[in-house]
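Heads up: the structure comes next, in structure tokens.
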2 protein chains.
Amino acid sequence: MYHLVTMKTKRPTVYDVAREAGVSYQTVSRVINNKAHVSEVTRTRVLDAIKTLDFRPNRAAQLLQTERSNTIEVVLFYFGFNLFLYEMARSAQRLGYHFSISAITEQEFNRTLESARSRFVDGLIIVPMAPIAENYEELKRLTDGIPFVQVGANLGTDFPSVSYDQTHGAHLAAQHLINVGHRHIAEVSGPLQNHDAYDRHISWLDTLRDNGLRPGTSVEADFTIEGGYRAMSHLLDEDADFTAVFIGNDSMAIGAHSALRERGLRVPDDVSMVSFDDIPEAAHFVPKLTTVRQDFNLLGQMAIEYIVSMIDNPDIPVHQRILQPKLVIRESTCPPRT
Amino acid sequence: MYHLVTMKTKRPTVYDVAREAGVSYQTVSRVINNKAHVSEVTRTRVLDAIKTLDFRPNRAAQLLQTERSNTIEVVLFYFGFNLFLYEMARSAQRLGYHFSISAITEQEFNRTLESARSRFVDGLIIVPMAPIAENYEELKRLTDGIPFVQVGANLGTDFPSVSYDQTHGAHLAAQHLINVGHRHIAEVSGPLQNHDAYDRHISWLDTLRDNGLRPGTSVEADFTIEGGYRAMSHLLDEDADFTAVFIGNDSMAIGAHSALRERGLRVPDDVSMVSFDDIPEAAHFVPKLTTVRQDFNLLGQMAIEYIVSMIDNPDIPVHQRILQPKLVIRESTCPPRT
DNA sequence: TAATTATATGTGAACTCTCACAGTTATTCA
DNA sequence: TGAATAACTGTGAGAGTTCACATATAATTA
């Protein structure tokens with residue numbers, strides 16, 4: 001009994017195409033790279049030869065020579081923003097880049113960067129959980145010349161980054177609760193090592209202080225539904241005195257709502273909630289969530305555009321691209337009972 | 001005024017390492033590939049040289065020679081399963097592969113495969129919306145020898161695939177509604193060109209027939225929240241006679257619930273709902289969703305494991321890996337009013 | 001028309017690694 | 001101890017492309 005051996009048919013090379021078209025291999029190279037100095041006649045002749053031989057340039061050989069892979073790699077330190085992976089992939093492709101993912105822990109960062117370098121990744125999108133370096137120079141040294149863009153705020157540092165203005169967003173959210181009449185406001189924050197979460201937390205604190213209010217209890221959670229559930233349960237055990245909660249994202253709000261409901265508390269009647277993100281579920285939850293809207297697709301798209309512009313022009317001045325979030329008021333907030 | 005020119009310092013090669021260690025370049029190659037026939041002494045000597053020179057093998061040159069990129073690429077035809085991208089990325093890395101994404105439309109499929117081939121992608125994970133080929137041979141011809149695994153059912157065909165048994169899952173769901181006492185059951189299906197959605201639809205039909213019931217109105221939607229909302233609105237306009245709805249996934253159920261609520265109908269009191277997936281939100285929605293659970297992380301992991309085993313052993317017999325979903329009964333279903 | 005320039009095409013070399021094979025030394029066994 | 005075998009190490013060649021340069025032809029200008 002035989003089994004099929006897939007005969008490894010040798011693929012045609014530039015030389016084969018050159019012979020077929022009656023030109024030199026260099027001319028073929030010029031054609032496949034859309035370079036100048038090729039007459040229309042020979043160009044079409046080469047193109048025809050490419051078609052008849054079903055020639056595809058060998059990327060490995062090109063890579064060896066050019067040291068450019070046309071690849072953008074996103075380095076994910078946590079399973080947070082995966083929402084925008086699809087959109088990033090599409091944006092990258094639109095701009096002529098391949099898109100690859102490394103989902104890593106902090107210990108793997110160095111190895112990942114080394115690998116990226118040896119594969120000639122052209123640009124990096126970094127989505128950190130916690131800060132990954134002290135300053136731009138240090139991170140630049142780590143990536144060894146590969147341009148990178150960070151997603152998410154990194155307050156006080158000078159990385160090239162795209163982010164939403166969390167301070168502003170959190171102010172909007174907290175001030176809304178206060179304007180509606182709340183005086184006892186608790187918090188379920190995201191992990192405070194994360195800059196976005198930290199900025200929201202600080203801005204919550206600041207907004208309360210500026211309004212002459214003392215902050216309620218704050219519990220730190222992990223951005224997940226379950227985490228939100230646990231944090232709210234904990235909060236209710238500690239201090240049931242609040243009439244509103246400021247929550248680090250919609251997922252945690254959904255979990256927190258479960259915990260409230262379990263104890264017979266209703267949103268917004270007994271407790272108001274504001275959160276962040278405006279995930280698709282937010283507008284259809286019961287109650288519909290009042291939330292600070294952030295468009296992750298847009299953020300992902302901007303990250304790709306920024307990194308591509310850095311690749312094309314290494315001398316582009318480093319800057320931060322910051323989007324302003326909007327507060328979307330829905331059903332999860334109302335004035336407190338009197 | 002000068003500006004910093006990043007001096008392209010030439011990276012060390014196997015030759016440099018060989019000189020440093022006092023051996024031949026071939027020995028260096030043996031060491032970096034963990035091959036046999038290298039004495040412990042020379043191995044450590046080479047390793048030391050690698051360390052002092054900070055040598056990293058040039059993947060492009062290796063690729064040119066070996067024609068293996070150690071890359072698995074996932075080809076996404078729609079933004080559905082992105083839930084498991086993170087898990088797939090991690091699984092791939094655990095097994096020593098890089099992970100890249102192509103998010104494409106059907107027209108781009110051929111170009112994507114050509115690109116994959118010229119980049120020496122080792123394996124493909126295909127997540128189709130609609131069927132992409134008639135049979136295994138055809139698809140094998142398209143991918144030109146690159147092994148692939150399809151995610152999702154492809155009933156009647158013989159692709160290597162990982163999927164959940166939708167027929168079984170849908171039977172569980174429909175039978176549950178019937179067992180609880182429903183006789184008028186409508187449907188909001190996923191896009192019927194999608195095999196998973198189609199299987200659920202047919203199984204819904206079959207289960208009703210086997211129970212001697214006539215199917216209610218069925219509306220096709222697109223797996224999104226908004227789509228579910230529109231479909232349910234449409235359904236309510238057409239035929240308000242049903243007491244339960246069979247819904248193609250949790251997202252659409254959440255949208256459908258909004259539409260019901262808008263018309264003053266309550267779930268499950270007025271209308272029962274079953275759906276599919278058990279997304280994290282499902283257990284925390286109001287009402288908690290009765291749903292057919294599918295573990296996408298597991299599915300992604302299995303897809304990676306399957307493709308890696310195909311890469312390692314091309315003669316592995318083609319088969320389908322099928323998981324059985326479970327019905328999770330929560331709050332969105334109850335007996336109909338009498 | 002000769003000199004100058006622009007355009008088109010070709011040749012040699014290099015990019016860095018691995019494969020195939022050859023040669024050398026160490027080990028085993030009768 | 002000598003032959004056979006195993007383990008180790010080295011050399012030549014080539015993988016398929018692009019870069020730098022050289023040459024040939026055509027277009028432009030004085």
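A, B, ... follow the sequence lines: proteins, then strands. Residue 1 opens every chain.
How far CD of B:E305 is from CG of B:L95: 6.5 Å, rounded to the nearest 0.5 Å.
With salt bridges taken as basic N to acidic carboxylate O contacts below 4.0 Å, none links B:E134 and B:R141. Using a 4.0 Å cut-off between charged side-chain N and carboxylate O, B:R111 and B:E114 make no salt bridge. Salt bridge annotation for B:D16-B:R11: absent, with no cationic side-chain nitrogen under 4.0 angstrom from a carboxylate oxygen.
Comparing C:dT9, D:dT9, D:dT17 by their closest approach to the side chain of A:Q62 singles out D:dT17. Closest to the side chain of A:T66, out of C:dC19, C:dG10, D:dT18, is D:dT18. Nearest nucleotide to the B:R30 side chain, out of C:dC21, C:dC17, C:dC19: C:dC21.
Rounded to whole angstrom, the span from the CZ atom of B:R19 across to the P atom of D:dT11 amounts to 14 Å. Atom NE2 in B:H37 sits about 14 Å away from atom C1' in C:dA26, given to the nearest Å. Going from atom CZ of B:R59 over to atom P of D:dT17 covers 19 Å, rounded to whole Å. If you take NZ of B:K35 and P of C:dT18, they are 8 Å apart, rounded to a whole angstrom. For the pair A:F120 CZ and D:dT17 P, the computed distance is 17 Å after rounding to whole Å. The CG atom of B:N34 sits 12 Å away from the P atom of C:dT18 (whole-angstrom rounding). In this structure, CG of A:N33 is placed 17 Å from P of D:dG16, rounded to the nearest angstrom. To the nearest angstrom, P of D:dA7 lies 14 Å from CZ of B:R43.
A cation-pi arrangement, defined by a distance under 6.0 Å to the six-membered ring centre and an angle within 45 degrees of its axis, is absent between B:R68 and B:F120.
An OP1 or OP2 oxygen of C:dG10 is reached within less than 4.0 angstrom by a side-chain nitrogen or oxygen of A:T27. Side-chain N/O atoms of A:S39 include none lying less than 4.0 angstrom from OP1 or OP2 on C:dT7. The side chain of B:S29 contributes an N or O atom lying less than 4.0 Å from OP1 or OP2 of C:dT18. The phosphate of C:dT11 (OP1 or OP2) has no side-chain N or O of A:S24 nearer than 4.0 angstrom.
Among the heavy atoms of the strands lying under 4.0 Å from A:I32 are primed sugar atoms or P, OP1, OP2 only; no base atom is included.
Ring pair B:Y15/B:Y25 is tilted by interplanar angle, where 30° to 60° counts as tilted.
Here side chain to side chain donor-acceptor pair (under 3.5 Å) pairs that include residues 142-151 of chain B, with residues two or more places apart or in two chains, are B:R117-B:D144, B:Q150-B:N154.
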I'd like a table of atom pairs between the protein and nucleotides 12-15 of chain D - only N or O on both sides, under 3.5 Å - with the distance next to each one.
| from | atom 1 | to | atom 2 | distance (Å) |
| --- | --- | --- | --- | --- |
| D:dG12 | N7 | B:Y25 | OH | 2.7 |
| D:dG12 | O6 | B:Y25 | OH | 3.1 |
| D:dG14 | N2 | B:Q65 | OE1 | 3.1 |
| D:dA15 | N3 | B:Q65 | OE1 | 3.4 |

